[in-house]
Structure formats: structure tokens, C-alpha cells
Amino acid sequence: MLVLPLLLRLIPLIETDMGKLPLPQGVLIESTNMKHWLKWVPLQVPCHPVSYSVQYQGYFELYIKNGSWEDAPHCQNINSLVCDLTPGFGSDSDYNVRVRAECGGLVSDWASPGLPFNRRQTNLTAPKMRATVSGDSIQLAFADLSETVDVTLKHWRKGLELEASVQYVTAERNPFHLGGLEAGITYCLSAQTVLHNKRSASTETQCFDISVSPGPTRIWLKPTVACVAVVTVAGMALAAFWSVTKCCPAFLNTCWPKEPLPDALLHRESNNRLKVVLGEEMSELCQPVLVLLPSPV
Ligand SMILES: *[C@@H]1O[C@H](CO)[C@@H](O)[C@H](O)[C@H]1NC(C)=O
Ligand SMILES: *[C@@H]1O[C@H](CO)[C@@H](O)[C@H](O)[C@H]1NC(C)=O
């Protein structure tokens, strides 16, 4: 009598052990600067290799597609312990996420982080910024700048932070060119990641001397030298041509000798044929006219 309930209780346990893998543990979403990752810890089972698959469900799947789940792209049967959900979380709606393990034909149940995730919960961190001074400008490259977050860049003359100018740097404007800086001045800058009204901490302030060194000089030196060379060569060619035409007409004649014009061209005025034609026309114009005088009656 006591054995039967015990057996009945044991059956699901045995089933779980035989037909299913245990649930993945430590499932959580980490999100920084609008990059979202689902993470979990490796399954402790004798089976090898264990692979994992991830699905998600947002407003669209929940209410338009009757609660169906979407396979997370690039996160099907993967061996890693992290899935990049950034491409899937396309809206500001709440998302349910789940992961399950598979090994040797066995699967686990789906495991979820405790609560739905909304990408507005993303943590903002100061941008990773690399600055390079070149002439009178500073080139700023921001690592990991995504389409959905922007960076505000503040720059000011050293000691005049209250008069700082602020620029927005979007993914399209990265790397950013901060130009028109004055030589001999020290500029300082710092940046923040922004998302709607949220702001990250600022980067550490970095200061740069915009020098009057040969760096910027060389930039205009090359075209100037080229221009001077072209003008000089053109001038020399003109001078050479002028001196040849003016000073050595004999030399010109040997190169391009003057041929006498043929007679026909020289005596065009006195062309005979013209005269003949003219004469014929004249004679044709002269019609004989018979004048009848009134005869005396
Ligand atoms: C945001 O940062 C806090 C503190 O580090 C952390 O506890 C939390 O899990 C983070 N949230 C996300 C969505 O990554
Ligand atoms: C969702 O479910 C309803 C009712 O069960 C059904 O009428 C409708 O066709 C379903 N829509 C989709 C997209 O499956």
C-alpha cells in the first residue's frame, strides 16, 4: 500500500532523468548601450556536447501572432553560453526570452530570466573614445556606437569649460571630425552616451595642444609646390615660343616654310570664265525690240 504512491512519485522523476535534461541555470539579460545579451551557466551533465537554443516573444508575437515564439537569429544549437539579442529586440515593448539545452537527442525545458525585459532598461556607460590630433582638427573614433544610441561630445578651450560647445555624434558621423581649431590653443573634451533623456557618465576629460608645428604646414606645402612648378613651366614655354617667333624668323621658316600661292588663287579677280558668264547673261538680257513707227496715212 505504501509502495504504490512512492512509485507514482518516483515515475516523473525517473522520466525527467531519462527523457529530459535539467533546466539551464543562471539565465539573465545583460544590456549595455542598447546591446542586449542573454547569458546562462553551463549545464552540469555527463552528456557532451551540450547545445543551446534561444527564443523570444515581444508585443508582435504575443498579441499579433497568438503568443508564438521567434527563434533568436544565430542562437540555435549553439555551444556558447551567451546570445546576442540586439537584432531581435527591435521595439520598446516588453520581451519574454527563454533558452533550452539539448544533448544526445534529449532536451531540457525552457528556462527564462525572472522578468520580461524592456530595452529601455539598458545601462548606459561612457563611450570608448580614441582621439587623434591632426593639424587643426581632432579625429574622434567611438567604439561600439550602435544605431540606437548617440554620443554628445563637449569641447572647450582649457579653463573655459563653461563656454563648451556640444556636438551630437551618431553612428553615421563616427569617426567624428572636430575641425576648425585654433593653433597654439589647448582644447579639452569629454563625451557621454545618450538615449532619449538618459545619459551615461562622462568620459575622463582629455586635453590636446593644437600646435603650430610643421604638421599642418606640410598639408598645404605639397599643392603649393605643385602650383609653382606648373606656373614656372608654363611661363618658360611661353617665353621660349615668344623668343623663337621674334628673334629667329629664319628658324621658323625652315620648320614651316612659306609656299608661294598658286596663280589661280592670286589672280582670282581677273578670272575669265566669270567674265564670259557675265557677258552671256548681259547679252541674254538684251531682247531685240521692233519699234513700229506710225506710218503716214
Ligand atoms: C545595469 O547595471 C546594474 C549595476 O551594474 C546591474 O545590476 C543590472 O543588472 C544592469 N542591467 C542590465 C539590463 O544589464
Ligand atoms: C489566432 O487565434 C485566433 C483564435 O484562436 C484565430 O482565429 C486566428 O486565426 C489566429 N491567428 C493566427 C495568426 O494564427
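Whatever order the structure lists them in is the order used to number ligands and atoms, beginning at 1.
Heavy-atom proximity to Ser31, at under 4.0 Å, picks out these atoms of ligand 1: 12 (C), 13 (C), 14 (O). Atoms of ligand 1 lying under 4.0 Å from any heavy atom of Glu30, numbered from 1 in the order shown and given with element: 14 (O).
Taking the six-membered ring wherever Trp is involved, the centroid distance between the rings of Tyr56 and Phe117 does not fall below 6.0 Å.
Within a 4.0 Å radius of atom 13 (C) of ligand 1, the protein has at least one heavy atom. The nearest protein heavy atom to atom 2 (O) of ligand 1 is closer than 4.0 Å. Note that atom 7 (O) of ligand 1 has no protein non-hydrogen atoms nearby, at separations under 4.0 angstrom.
Taking Glu147 as the reference, nothing meets the salt bridge (Lys or Arg N to Asp or Glu O under 4.0 Å) condition, with sequence neighbours excluded.
Ion pairing between Asp109 and Arg100 fails under the 4.0 Å rule for side-chain N and carboxylate O. A salt bridge is absent between Glu30 and Lys35: the closest approach of a Lys/Arg side-chain nitrogen to an acidic carboxylate oxygen does not fall below 4.0 angstrom.
Annotation: Gln121 places no N or O atom under 3.5 Å from an N or O atom of ligand 1; distance criterion only.
With Asn33 as the partner, the side-chain hydrogen bond (donor to acceptor under 3.5 Å, both in side chains) test is satisfied by one option alone out of Asn123, Thr122, Thr125: Thr125.
Considering only non-hydrogen protein atoms, atom 11 (N) of ligand 1 sits nearest to Asn123 ND2, 2.9 Å.
Pairs passing the disulfide bond (SG atoms under 2.5 Å apart) check and including a residue from residues 40-78, sequence neighbours excluded, read Cys47-Cys103, Cys75-Cys83.
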